[in-house]
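So the structure is just underneath, and the comments pick up after that.
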Amino acid sequence: MSKARKSCSTKYRTILIWVSATFIFSLFLLMASRNNVIPTTTISQASEAGEDYSKQRTELYDKMSRDLHEHGAAFLAGGETSQSLSLSDLFTLNNGLVTPVLKVADPPVRANVLYLSPNFSQPISQTVKRVLLPHFDKAIWFQDENLYHFSMFHASHHLEPVSATAEEVDWEGSAVEEVARTLCPLRIRLERVVLTSTGVLLGCWQVINGTEPAIIRSKLKTALPRAPKKQLYNPVMIHTSFARILGCPRVMDGCQSSNEKAMHTSEDMLSFFHGIVSQVNGELQGFEAIVSEIWFVEEFDVLALALNGRIKARKFHLKCLVT
């Protein structure tokens with residue numbers, strides 16, 4: 001009788017264990033299936049937002065690509081940069097040789113830029129030089145291939161200077177480093193190359209994956225509350241300067257001194273520059289790159305990053321850590 005009771009008790013315990021295990025396993029599957037819904041929804045929302053940003057960029061780049069046709073090659077008559085700086089304030093052109101004019105920035109500009117590694121910038125720079133140099137003498141300024149960058153957000157710029165002590169600059173650098181921890185590396189594709197009426201040859205990019213530029217700028221705005229209210233670029237934009245043309249092409253030597261307005265807007269002139277841009281696009285369109293660093297840069301000269309002036313850069317890797 002005692003043996004029968006023990007056997008019965010053992011069977012009940014075995015059944016109880018199996019039932020409990022089955023219940024726990026079923027509960028785990030249910031929780032897992034519910035948890036999976038959240039990432040799927042998040043991925044879907046992120047994908048839709050990315051498509052919207054991409055569309056906005058394309059519309060913006062369309063507008064930029066029309067600038068040369070609508071305003072002509074204004075850079076041949078001087079003109080201004082996109083940051084309202086006179087070209088004559090930035091460069092001198094003597095005997096066809098371009099020399100940057102470095103002016104002290106007081107206070108220093110403090111810029112946050114995504115950095116493009118030479119692994120990607122060098123082949124771009126080589127292509128741009130190979131296409132452009134045969135058509136121009138020396139009246140062209142090429143962006144240093146070791147300083148290719150995408151401007152994101154300014155803690156201070158020349159249009160709205162924000163002075164800061166050394167301690168405040170250090171604090172800003174630390175704030176940017178914290179933001180960098182939350183940003184994911186960007187995989188980008190060159191959508192097109194455009195030449196603006198101010199003579200800048202720009203690479204206009206799309207984001208394949210990684211943290212969107214609009215989100216990067218939003219996070220930097222929160223992290224740097226003293227920054228200028230007016231920033232310099234459209235929030236969705238991601239672009240970099242390849243070169244700046246400052247003089248006439250060889251086939252139209254002397255164009256700057258004869259009937260300027262007519263020459264700069266002539267069909268022959270515009271057709272020439274459109275052809276150059278088309279050639280660069282033919283070789284670079286679709287080029288892909290990885291961006292994995294953000295720099296917090298003090299520019300001690302006006303447009304130091306563009307003109308090879310004096311800078312101090314704090315460099316941070318994009319770590320993609322969830323907070």
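One is the number of the first residue; the rest follow in order along the sequence. As the structure is a prediction and not an experimental result, all values here were calculated from the model.
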Under the side-chain contact (heavy atoms from CB on, under 4.5 Å) test, which residues partner P161, sequence neighbours left out? P107, S156

So, does Y115 use its side chain to make a donor-acceptor pair with the main chain of F316 at under 3.5 Å? no

Expected output: side-chain R217 to main-chain P235 donor-acceptor under 3.5 Å: yes

Say whether, by atom type as modelled, one donor and one acceptor occur between the side chain of Q231 and the main chain of H154 under 3.5 angstrom. yes

List for me each residue that meets salt bridge (Lys or Arg N to Asp or Glu O under 4.0 Å) alongside K55, sequence neighbours excluded, and say none if there are none. none

I'd like to check the salt bridge (Lys or Arg N to Asp or Glu O under 4.0 Å) partners of E178; sequence neighbours left out, ordered by chain and number. R181

Could you list the residues that satisfy ring-ring contact (aromatic ring centres under 6.0 Å, His included) with Y148, not counting sequence neighbours? F242

Roughly how far apart are I245 CD1 and F136 CZ, rounded to 0.5 Å? 4.0 Å

Hey, what else clusters with V101 if you join Ile, Leu, Val, Met, Phe, Trp, Tyr whenever side-chain heavy atoms sit under 4.5 Å? none

Would you say the side-chain atoms of T99 pair up with the backbone N or O of T92, donor to acceptor, closer than 3.5 Å? no

How about NE2 on H274, more than 12 heavy atoms from neighbouring residues, nucleotides or ligands closer than 6.0 Å, or not? yes

Do V109 and I294 belong together in a cluster built from hydrophobic side chains that touch within less than 4.5 Å? no

How close do F287 and I124 get, counting heavy atoms only, and between which atoms? CE2-CD1, 3.8 Å

What I want to check is whether the side chains of S54 and Q206 have a donor and an acceptor closer together than 3.5 Å. yes

First locate atom OG1 of T127, then atom CG of L132, and finally report the distance between them rounded to the nearest 0.5 Å. 11.0 Å

Over all heavy atoms of both residues, which pair between R57 and I238 is shortest? Give the atoms and the distance, please. CD-CG2, 4.0 Å

Run the disulfide bond (SG atoms under 2.5 Å apart) test against C204 and tell me which residues pass, sequence neighbours left out. none

If hydrophobic clusters are built from ILVMFWY residues whose side chains come within less than 4.5 Å, do V113 and F296 share one? no

Which pair of heavy atoms, one from C184 and one from T211, lies closest together, and at what distance? N-OG1, 2.8 Å

side-chain hydrogen bond (donor to acceptor under 3.5 Å, both in side chains) against Q56, all qualifying residues, sequence neighbours excluded: D52

Closest contact, heavy atoms only, A243 versus V128: CB-CG1, 4.3 Å

State, yes or no, whether a side-chain contact exists between I215 and K219 at a heavy-atom distance under 4.5 Å. yes

Could you check whether any side-chain N or O of Y61 sits under 3.5 Å from a backbone N or O of W205, counting only pairs where one atom can act as donor and the other as acceptor? yes

List the residues meeting side-chain contact (heavy atoms from CB on, under 4.5 Å) with E160, not counting sequence neighbours, and say none if there are none. H157, P228, K230

Atom CE in M152, atom NZ in K221: separation rounded to 0.5 Å? 15.5 Å

Within-4.5 Å side-chain heavy-atom neighbours: F272 and D268: no

How many angstroms lie between CG in L186 and CG in N209, if you round to the nearest 0.5 Å? 8.0 Å

Is there a side-chain contact between L303 and L90 in this structure, where contact means two heavy atoms from C-beta onward sitting under 4.5 Å apart? yes

Using the side-chain contact (heavy atoms from CB on, under 4.5 Å) rule, pick out the option among V179, L183, I216 that qualifies with L318. L183

If you round to the nearest 0.5 Å, how far is CG of L68 from OG of S197? 7.0 Å

Below 4.5 Å, heavy atoms only, C-beta onward: do K103 and H158 meet side chain to side chain? no

Can you tell me how far CG of D106 sits from CG of D301, rounded to the nearest 0.5 angstrom? 11.5 Å

For T165, enumerate each residue passing the side-chain contact (heavy atoms from CB on, under 4.5 Å) test, keeping only those at least two apart in sequence or located in another chain. E167, E168

Can you see which heavy atom on G72 is nearest to which on L270, and at what distance? CA-CD2, 3.9 Å

Which of these passes side-chain contact (heavy atoms from CB on, under 4.5 Å) with L201: V194, I140, V193, V131? V193

Could you tell me whether a side-chain N or O of N281 sits under 3.5 Å from a main-chain N or O of R192, the two making a donor and an acceptor? no

Tell me whether F150 shares a hydrophobic cluster with L60, the cluster being built from Ile, Leu, Val, Met, Phe, Trp, Tyr side chains joined at under 4.5 Å. yes

I'd like to check the ring-ring contact (aromatic ring centres under 6.0 Å, His included) partners of F91; sequence neighbours left out, ordered by chain and number. W141

Could you tell me if the side chain of F120 sits less than 4.5 Å from the side chain of L190, heavy atoms only? no

For L147, is there any backbone N or O sitting under 3.5 Å from a side-chain donor or acceptor partner on Q143? yes

Do L220 and L305 belong to the same hydrophobic cluster, where Ile, Leu, Val, Met, Phe, Trp and Tyr are linked whenever their side-chain heavy atoms lie under 4.5 Å apart, directly or via other members? no

Please collect all salt bridge (charged side-chain N to carboxylate O under 4.0 Å, His left out) contacts where either partner lies in residues 109-129, sequence neighbours excluded, each pair once. R110-E172

Looking at side-chain heavy atoms only, is the closest gap between L224 and F153 below 4.5 Å? yes

Residue pairs, two or more places apart or on separate chains, that pass side-chain hydrogen bond (donor to acceptor under 3.5 Å, both in side chains) and touch residues 290-300: E293-W295, E298-R314

How close do T240 and H149 get, counting heavy atoms only, and between which atoms? OG1-O, 2.8 Å

What about V176 and L114, same hydrophobic cluster or not, with Ile/Leu/Val/Met/Phe/Trp/Tyr joined at side-chain heavy-atom distances under 4.5 Å? yes

